[in-house]
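See below for the structure under consideration.
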There are 2 protein chains.
Amino acid sequence: MQKNIKILVVEDDKNLANNIASFLCDFAQVDIENDGLSGKFAAIEDVHDLIILDLMLPGMNGYDILKNIREEKINTPVLILTAKTELDDKVHGFNLGADDYLTKPFHREELQARVKALLKRSGISADESVLKLNNIEINLNNHEVKINNQLVELNGKEYDLLVYLLQNKNIILTKDQIFERIWGFDSDTSITVVEVYMSNLRKKLRPSKNDYLIKTIRNVGYICQDEEQN
Amino acid sequence: MQKNIKILVVEDDKNLANNIASFLCDFAQVDIENDGLSGKFAAIEDVHDLIILDLMLPGMNGYDILKNIREEKINTPVLILTAKTELDDKVHGFNLGADDYLTKPFHREELQARVKALLKRSGISADESVLKLNNIEINLNNHEVKINNQLVELNGKEYDLLVYLLQNKNIILTKDQIFERIWGFDSDTSITVVEVYMSNLRKKLRPSKNDYLIKTIRNVGYICQDEEQN
DNA sequence: TTCAAATTTAAGCTTAATTTAAGTTAGTTT
DNA sequence: AAACTAACTTAAATTAAGCTTAAATTTGAA
C-alpha cells in the first residue's frame, strides 16, 4: 500500500523520535527533525498531514514553532508531546493552535490512537481508505474514483489534486500550497498548471454536476465544501 | 450574542454537568442529559457540534452510546470525559470513534481548550476565525459572509475592508489607515477608492438594514459599532 | 522503437474586480 | 443663505485573475 500520510516528528531525543517513527510507520511516512529550527523549516516548507511537536528543543522551542507555522497559515494538525505537565503549558499550547497535548511518559497505543483520531477528524483516514464528499467517493487503495457509484477516469495528477482537495475540505488551499503538494516545491514547471488541472478536473466532474464543489476564491485559492456548509 | 454552537453533555453527576455547562456557556449552548439512554437519544435525534460523554452512566454506558451514534453515521466530534484512566479504556474509546479523551479530575481550562480545539478542527469555530458584529458574521476560514444567516457575495477588496472594520469595531479608522491596510502604503491608486468601496459595501449591507453600522466621522474617518454602543 | 497517454506550455478568451472620473448630496463656515 | 468642502454615488474604462483550448513535449508501456 502506498502511504498517503506524511507525519513530521520534531523531537530532539533521537531514540524517542525513532521509536515514534517505528510505530507510526505502518500507516504513515514519517519525517524526523531533531532541532527547533529545522523543525520549523520542515513544517513550513513541506506539506504534512500531522505534526508531532516536542516543546523543549534546541534552537527554537515548540511554542515558537507552533506560533510561526500558524502565522504562515499552515493548518496542519499539531499534537504536542512533552514532559511539561503543567496546566498553563497545556492551555498555552492549545491557545497557540495545537490540536492535542500528550504528556511524557506515554503509551505507544495512546499516541497511536490520538494520531489516528486527529487524522480522521481532518478527513484523512489511517484505517478506512475511502474519502467521501457529497456523492464523490475516492478509494485510496485502488485509486478508483466513483461519482454516484459510477467510475470516473482520472489521470495521475487529476487524482492527486482531487484527493488533496477532499483531504482539506472546508479549508482554503492556496495555489502555492496546491502546487507544492502536487508538483513539489522545487518543481520547475510553471504554477499555471494548477489552473489547467482545475479546469480538467472540473470538466470531468461536470457531467455529474459536481464541478461546483470546487470553488475559486479569487486572489486567495480554492476550496471544496460540504453541501450543507452552503 | 447569538450562539451557533451546540454542545451535548452526557453526565450523570448533575453537579458536574451543570458546572461544565457554566464554563462552556460563554461560547456555546449546552444541552445536558443525565442518563445513558436519553443521552443516546439526544445524540441521535438532535444535531450538536460536539458531544462530551461520560463512560459510566445509568441505563447505557458511554461506549455503547458512542458505538450507536457512529453506527447511525453521526460524525459529531466526541470527547470522552471519565474517571477511567486505564490505557485499555482510552484505546477502546478512540477505537469506537472518540476524538479526545480526558480523565477526571480535570481542570476547567483544559476541558475548555480541548473543546475549542475540537470545534476548530471540525470547521466550527469558537473564536478567532469567526468575526461577528450585530447579525453580520464573517467566516475567516472560507471567506463567507453571512447576514441573518444569508450568504452575501463580496469581492476581494470589499471583503478585506469589512474584515478590517470588524476587527477594529468601536475604533475609528482614518481613511489613510484603511488605505494603507487594504491597498498598501506604496500603492499608486488614488485614496478616493476608499470612499468608493465604502459606498459599495454599504450598498450590499443595505438590503439587510446593516449599512448604518458603518458610520462616517467627517474629517476623521469611519467606525463600525456594536448595536448597544449607540 | 513506436505509439498513446500524460504533462506542460502558450495563447487567447471570459469574467469580474478595480480604478478613474464626474456629478450629486450633505454638512460647515461665514 | 451662499460658498465651500468633504463625502457619496454611479457608471464607464481599464486591468487582471482565472479559465479553456490546443499544440508541443515528455514519459512509459508494448
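Below, chain A is the first sequence line, B the second, and so on; all start at residue 1.
Looking at B:R114, its side chain does come within 3.5 Å of a backbone N or O of A:Y101 through a donor-acceptor pair. With A:N134 contributing its side chain and A:I136 its backbone, the two residues share no donor-acceptor pair below 3.5 Å. Between the side chain of A:K90 and the backbone N or O of B:E109, no donor-acceptor pair lies under 3.5 Å.
Counting to the nearest Å, the C1' atom of C:dT18 and the CZ atom of B:F179 are 12 Å from each other. Taking atom CG on B:D176 and atom P on D:dA7, their separation rounds to 11 Å, with Å as the unit. Rounding to whole angstrom units, CD1 of residue A:I191 and C1' of C:dA10 are separated by 17 Å. Counting to the nearest Å, the C1' atom of C:dG27 and the NZ atom of B:K215 are 15 Å from each other.
Residue pairs meeting the ring pair (Phe, Tyr, Trp, His ring centres under 6.0 Å) criterion with at least one partner in residues 188-207 of chain A, sequence neighbours excluded, are A:W183-A:Y197.
A:D99 and A:R121 are not joined by a salt bridge, as no carboxylate oxygen comes within less than 4.0 angstrom of a charged side-chain nitrogen.
Direction change of the helix axis from one end of the helix from C:dT1-D:dA30 to C:dT30-D:dA1 to the other is 30°, with five pairs defining each end axis (rounded to 10°).
Counted within 6.0 Å of CZ on A:F41, heavy atoms from surrounding residues, nucleotides or ligands total 12 or fewer; the atom is thus considered open. Residue A:E71 qualifies as enclosed at atom CD: its count of foreign heavy atoms under 6.0 Å is above 12.
Partner of A:D211 under the salt bridge (Lys or Arg N to Asp or Glu O under 4.0 Å) criterion, out of A:K204, A:R202, A:K203, A:R206: A:R206 alone.
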- Message: One pair to check against salt bridge (charged side-chain N to carboxylate O under 4.0 Å, His left out): B:K116 and B:D100. What are the steps and the verdict?
- Response: CA-CA 12 Å; B:K116 285 188 181 178; B:D100 202 349; over 6 Å; no

- Stepwise side chain to side chain donor-acceptor pair (under 3.5 Å) test for A:T174 and A:D176: CA-CA 5 Å; A:T174 66; A:D176 290 308; 4.8 Å; no

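Considering only side-chain N and O atoms, B:K157 lies nowhere under 4.0 angstrom from the phosphate OP1 or OP2 of C:dA17.
Contacts between residues 181-190 of chain B and DNA chain C, defined by a heavy-atom separation below 4.0 Å, involve B:W183, B:T189, B:S190, listed by number. Near DNA chain D, defined here as any heavy-atom distance below 4.0 Å, there are no residues from residues 158-165 of chain B.
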- Query: Tell me, for nucleotides 12-30 of chain D in 5' to 3' order, what letter each nucleotide earns: B for a base near a protein heavy atom under 4.0 Å, S for only sugar-phosphate near one, - for neither?
  - Reply: ----BBBBBB---------

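Shortest non-hydrogen contact noted between A:K146 and A:N149 is CD-OD1, 4.0 Å. The two atoms that bring B:K132 and B:K169 nearest to each other are O-NZ, 3.6 Å, heavy atoms only.
With sequence neighbours excluded, the residues forming a side chain to side chain donor-acceptor pair (under 3.5 Å) with A:T189 are A:S187, listed by chain and number.
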